[in-house]
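Read the structure below first, then the notes.
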2 protein chains.
Amino acid sequence: MARQNTVFKEAYNRYAVALRTDTALPSEPEIAAQLGVSRSTARAILTRLSEEGIIRWNKRQKIVLRQPTDHDLFPSEETDSLHDIIERSFMQRILADDAAPGMQINELELAREIGTGTTSVREFLIRFSRFGLIEKRPNSHWTLKGFTREFALELADVREMFELHSAAEFGRLPRDNQSWADLAAMRDEHHAMLADINQRFKDFSVLDERFHLLIHRASKNRFIADFYDAIAIVFHYHYQWNKTAARQRNERAIHEHLDYIAALESGDQAAIDAACRAHLHSARQTLLQSLPQIATETA
Amino acid sequence: MARQNTVFKEAYNRYAVALRTDTALPSEPEIAAQLGVSRSTARAILTRLSEEGIIRWNKRQKIVLRQPTDHDLFPSEETDSLHDIIERSFMQRILADDAAPGMQINELELAREIGTGTTSVREFLIRFSRFGLIEKRPNSHWTLKGFTREFALELADVREMFELHSAAEFGRLPRDNQSWADLAAMRDEHHAMLADINQRFKDFSVLDERFHLLIHRASKNRFIADFYDAIAIVFHYHYQWNKTAARQRNERAIHEHLDYIAALESGDQAAIDAACRAHLHSARQTLLQSLPQIATETA
DNA sequence: ATTTTGTTTTTTATCTACAATAAACATTTT
DNA sequence: AAAATGTTTATTGTAGATAAAAAACAAAAT
C-alpha cells in the first residue's frame with residue numbers, strides 16, 4: 001500500500017462527532033476549509049457519511065439523519081499520521097533507560113519495529129536531527145547523542161538568549177496588540193491554577209508551553225520560532241516520560257511567571273530583563289534536575 | 001540504478017593524483033582512513049588502479065607502476081555527490097531573478113530538471129528547510145519564502161545574539177587553548193590580505209567565514225554551530241551569485257576584524273563586546289545592501 | 001598477538017511505482 | 001455572474017527493490 005488515508009479518517013472523525021441531527025451542512029468548499037483539508041477529502045467524508053446513512057446527500061442538500069455513534073468512528077490507531085507514530089515510537093526508544101548515548105540508530109530496524117517503510121523513518125530522522133539529539137555520519141549510521149547534561153546546558157543557553165530577546169520585543173509591542181490581551185488572559189489562568197494548585201499542578205506544563213510560546217511569538221523571528229518548536233517537542237516527551245511534576249516546583253514557577261507577566265505589563269525593560277532572567281535561571285535548574293543521573297556525553 | 005558510486009570515484013581521483021611512481025602504498029585500513037572511506041571502497045580503488053596498470057598489487061605488495069594521467073581520472077560530473085548536485089541546482093534556482101517569494105516548489109519537476117529521483121529531492125528539501133528559506137504545507141507543496149529583507153533581518157538578529165555569546169566565551173578560553181594560536185595566525189592572514197588588498201579583496205569572504213567559524217567554535221554549542229553552518233551555506237551561494245565584493249567594504253571589514261581580534265586578545269569582556277557589536281553592525285548593513293532591491297515577503 | 005588481507009553480511013542511498021490527497025478544470029445551479 | 005457541484009489531472013507520501021558503501025567476520029601473514 002502506498003499511503004494510508006489517515007487524513008481522511010482523522011477528518012471524518014472530527015467532522016462526525018460535531019454533527020447534530022436535522023441540521024443542514026454547508027457547501028463542500030466550506031466544509032473543506034473548516035476541516036483544513038482539500039475538497040476531495042471533504043467529498044470523501046460526505047460520501048462515507050452518506051453511505052453510512054448518517055446524512056442524506058443530494059447535491060446541495062445535506063441533511064443529518066442521525067447522530068453518529070462511537071461505532072461509526074474510525075479507531076484511533078487508524079487516524080494517527082505516520083509521522084506522529086514514528087515520532088512517538090522513536091521518542092520512547094530515545095528516552096528509555098537502555099538508550100545509551102553513542103548508540104547507533106539503524107533505519108531498517110527502526111522501520112521494521114514500527115511497521116513502516118524505511119523512507120518514512122529516514123525522513124523523520126532528517127527532520128528530527130535539527131533537535132541536536134542525533135547526528136549522522138555520511139554514508140553510515142545515525143548516532144544517538146542523547147539527552148545528556150551537555151545537551152541540556154546547550155539548549156538552556158540558546159533558550160535564554162532567545163527568550164531575553166523575545167521578552168524585550170514583547171515589552172515594545174504597541175498596547176493595542178492582541179498579545180497584551182492574551183497575556184492578561186494568561187495571567188488569570190495562572191491565578192486560577194494557583195488557587196487550586198493541589199489538584200491542578202500537573203496541568204502546568206501545558207500552560208508553561210503556551211506562556212513561553214506567547215512570549216516568543218513577539219520576536220517574529222522564524223529561527224526563534226523553530227527553535228521553540230524543537231524545545232516544545234523535546235520537553236513534551238521528556239516530561240511525559242520523567243514524571244517529575246513536583247507540585248512545589250510548579251507552584252514556584254507559577255509565581256515566577258506572574259512576576260514575569262507583571263514586569264512585561266510594566267513596560268520597564270530593566271524589570272522585564274530581571275524577571276525573565278530569574279525565571280530562566282530556575283527553569284534551567286529544573287531541566288538539569290530532570291536529567292537521568294548518569295548520562296554523560298560520549299565522543 | 002539504485003545508487004551512483006560517486007564515493008568510490010571521488011576517492012579514486014583523490015588518491016590517484018597523489019600517487020608517485022615506484023613508491024609502495026600502505027595497508028588497506030590505512031588507505032581507507034586517509035581517504036575517509038571504508039575499506040571496501042579502498043579495496044575497490046586498489047582493484048581499479050591494478051586493472052588500469054597503475055599499480056602492481058599482490059596482497060601486501062602495492063607498487064606504483066606509473067603516474068596516472070588526467071585520462072585515468074573520472075570526469076568531475078561523475079564524482080559529485082547527488083546531494084551536492086541538488087544543492088547547487090536548487091540554490092541557483094532560488095537565487096535566480098525569476099524566483100519570486102511565495103512561489104511553489106514542485107518536487108517532481110525539480111527532480112526531472114535535475115535528472116534524479118523524487119526521494120533525493122524530498123530529502124534535500126527537508127534538510128534545507130532548516131535554513132528558513134522554504135516552508136512546507138503538510139500534504140501539499142513547498143513554498144519559497146525567499147531571500148527577503150525579513151529573512152536577512154531575522155538572520156542578522158540571531159547571528160548577533162550567537163556571536164556575542166561566542167565571543168564572550170572565546171574571551172574566557174584558557175590561554176593555552178589551541179584557539180588562541182589559531183586566532184594569532186588569522187590576525188597575520190588579515191594583515192597579509194590588507195597589504196595586498198587591491199589584488200586580494202575577493203578572497204575576503206573565505207577568510208571571513210573561517211574567522212567567524214573560529215569564534216563560534218568557542219561556544220561549544222551544537223545549536224550555534226548548526227546555525228552557523230546554515231549561514232555559511234546561504235552566504236556562500238548568495239555572494240557567489242551577487243558579486244558585490246566591493247573592495248572598500250571588505251577593507252573596512254578587515255579593519256573591524258583586526259580590532260575584534262585585538263579585543264579578544266586583551267581578554268577584556270567589555271572591549272570584546274564593543275568590538276563584536278561594531279563589526280556585527282556593519283556586517284548587517286552589508287547583508288541588507290546585498291539584497292535584491294525589490295523583494296518583499298508575501299504571505 | 002597484532003595487524004593485514006580475503007570474504008560475507010548488513011546498512012544506507014536512491015529509484016520506481018502507486019494510493020491518497022490536493023488542485024485544476026468543466027458543468028450546473030442559484 | 002458568482003458560487004456550488006461534478007470530473008479529471010497533478011502532486012505528495014510511502015512501500016519495496018537494489019546497487020553502493022560500510023561493517024563484521026574469517027583466514028593468513030608478520
Side-chain angles (χ1 to χ4, degrees), chain A residues 1-11 26-32 35-47 57-62 81-83 85-86 104-112 114-126 136-142, chain B residues 1-11 26-32 35-47 57-62 81-83 86 104-112 115-126 136-142:
Chain A
M1 37 188 151
R3 185 183 187 177
Q4 299 296 108
N5 54 350
T6 54
V7 171
F8 160 70
K9 288 178 175 171
E10 187 276 332
S27 73
E28 294 171 10
E30 202 167 324
I31 294 171
L35 293 171
V37 298
S38 71
R39 190 161 73 88
S40 306
T41 303
R43 278 174 68 89
I45 291 169
L46 290 171
T47 303
W57 182 25
N58 187 277
K59 311 206 167 172
R60 323 211 149 193
Q61 201 181 55
K62 316 180 190 78
S81 82
L82 186 50
H83 181 271
I85 293 170
I86 296 176
Q104 289 183 201
I105 296 164
N106 184 315
E107 292 176 2
L108 187 60
E109 185 191 320
L110 246 176
R112 266 197 297 248
I114 300 173
T116 180
T118 50
T119 317
S120 313
V121 169
R122 253 179 99 74
E123 290 187 0
F124 169 79
L125 291 173
I126 294 171
K136 176 142 188 79
R137 302 231 207 111
N139 296 314
S140 184
H141 54 261
W142 291 89
Chain B
M1 28 176 162
R3 183 182 187 177
Q4 299 295 109
N5 53 350
T6 55
V7 171
F8 160 70
K9 288 177 175 172
E10 187 275 334
S27 75
E28 293 171 9
E30 201 166 326
I31 294 171
L35 293 171
V37 297
S38 72
R39 190 161 73 88
S40 306
T41 303
R43 277 174 68 88
I45 292 169
L46 290 170
T47 303
W57 183 24
N58 187 278
K59 311 206 168 171
R60 325 209 148 194
Q61 200 181 55
K62 316 180 192 77
S81 81
L82 186 50
H83 181 272
I86 296 176
Q104 290 182 201
I105 296 165
N106 184 317
E107 291 176 3
L108 187 61
E109 186 190 320
L110 246 176
R112 267 197 298 250
T116 181
T118 50
T119 316
S120 313
V121 169
R122 254 179 98 73
E123 290 187 2
F124 169 80
L125 291 173
I126 293 170
K136 175 139 189 80
R137 301 230 208 112
N139 297 313
S140 183
H141 54 260
W142 291 88

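Here the structure is a predicted model, which means the values were calculated and not measured.
Rounded to a whole Å, the CD1 atom of A/Ile31 is 17 Å from the P atom of D/dA3. The CZ atom of A/Phe8 sits 19 Å away from the C1' atom of D/dT14 (whole-angstrom rounding). In this entry the distance linking CD1 of B/Ile86 with P of C/dA13 reads 13 Å, nearest Å. Regarding A/Gln4, its CD atom lies at a distance of 9 Å from the C1' atom of D/dT14, rounded to whole Å. In this structure, B/Ile45 atom CD1 and D/dA20 atom P are separated by 14 Å, rounded to whole Å. With rounding to whole Å, A/Ile126 atom CD1 is found 10 Å from C/dT14 atom P.
Residues A/Lys9 and B/Thr119 each lie close to DNA chain C; by heavy-atom proximity, the contact nearer the 5' end of the strand is made by B/Thr119. Annotation: of the two residues near DNA chain C, A/Gly36 and B/Ser81, the 5′-most nearest-nucleotide partner is B/Ser81.
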_Assess the residue pair A/Asn106 and A/His141 against the criterion (side-chain contact (heavy atoms from CB on, under 4.5 Å)); give the C-alpha distance rounded to whole Å, side-chain angles, the decisive distance to 0.1 Å, and a yes or no._
CA-CA 7 Å; A/Asn106 184 315; A/His141 54 261; over 6 Å; no
### Message
Set out, in order, the CA-CA distance, both residues' side-chain angles and the distance that settles side-chain contact (heavy atoms from CB on, under 4.5 Å) for B/Ser81 and B/Val7, then state yes or no.
### Response
CA-CA 7 Å; B/Ser81 81; B/Val7 171; over 6 Å; no
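Residues A/Trp142 and A/Glu107 approach most closely at NE1-OE2, 3.3 Å, considering heavy atoms. Shown here for B/Val37 and B/Ala42, the closest heavy-atom pair between the two residues is CG2-N, 4.2 Å. The minimum heavy-atom distance between B/Ser27 and B/Lys62, with the atom names listed, is CA-NZ, 3.6 Å. Residues B/Ala11 and B/Ile45 come closest through the heavy atom pair CB-CD1, 3.6 Å.
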Could you list, one pair per line, each protein nitrogen or oxygen that sits under 3.5 Å from a nitrogen or oxygen of nucleotides 9-13 of chain D, together with the distance?
from: D/dT11; atom 1: OP1; to: B/Asn106; atom 2: ND2; distance (Å): 2.7
from: D/dT11; atom 1: O5'; to: B/Asn106; atom 2: ND2; distance (Å): 3.3
from: D/dT12; atom 1: OP1; to: B/Glu107; atom 2: N; distance (Å): 3.4
from: D/dT12; atom 1: OP2; to: B/Glu107; atom 2: N; distance (Å): 3.3
from: D/dT12; atom 1: O2; to: A/Arg3; atom 2: NH1; distance (Å): 2.8
from: D/dG13; atom 1: OP1; to: B/Asn139; atom 2: N; distance (Å): 3.1
from: D/dG13; atom 1: OP2; to: B/Arg122; atom 2: NH1; distance (Å): 2.4
from: D/dG13; atom 1: OP2; to: B/Arg122; atom 2: NH2; distance (Å): 3.0
from: D/dG13; atom 1: OP2; to: B/Lys136; atom 2: NZ; distance (Å): 3.4
from: D/dG13; atom 1: O4'; to: A/Arg3; atom 2: NE; distance (Å): 3.2

When you compare the protein's N or O atoms with those of nucleotides 5-8 of chain D, which come within less than 3.5 Å of each other, and at what distance?
from: D/dT5; atom 1: OP1; to: A/Lys62; atom 2: NZ; distance (Å): 2.7
from: D/dT5; atom 1: OP2; to: A/Glu28; atom 2: N; distance (Å): 2.8
from: D/dG6; atom 1: OP2; to: A/Arg43; atom 2: NH1; distance (Å): 3.2
from: D/dG6; atom 1: N7; to: A/Arg39; atom 2: NH1; distance (Å): 3.4
from: D/dG6; atom 1: N7; to: A/Arg39; atom 2: NH2; distance (Å): 3.2
from: D/dG6; atom 1: O6; to: A/Arg39; atom 2: NH2; distance (Å): 2.2

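Listed by chain and number, the residues in a side chain to side chain donor-acceptor pair (under 3.5 Å) with A/Lys9 are A/Glu78 (sequence neighbours excluded).
A/Ser120 has a side-chain polar atom (N or O) that falls below the 4.0 Å cut-off from OP1 or OP2 of D/dA15. The side chain of B/Thr6 places no N or O atom within less than 4.0 Å of a non-bridging phosphate oxygen (OP1 or OP2) of D/dA20.
Side-chain contact between A/Leu82 and A/Thr6: absent, with no pair of heavy atoms (C-beta onward) separated by less than 4.5 Å.
For B/Ser38 and D/dA23, a side-chain-to-base donor-acceptor distance below 3.5 Å is absent, hydrogens and geometry of angles not being considered.
Here the side chain of A/Thr47 pairs a donor or acceptor atom with the backbone of A/Arg43 at under 3.5 angstrom.
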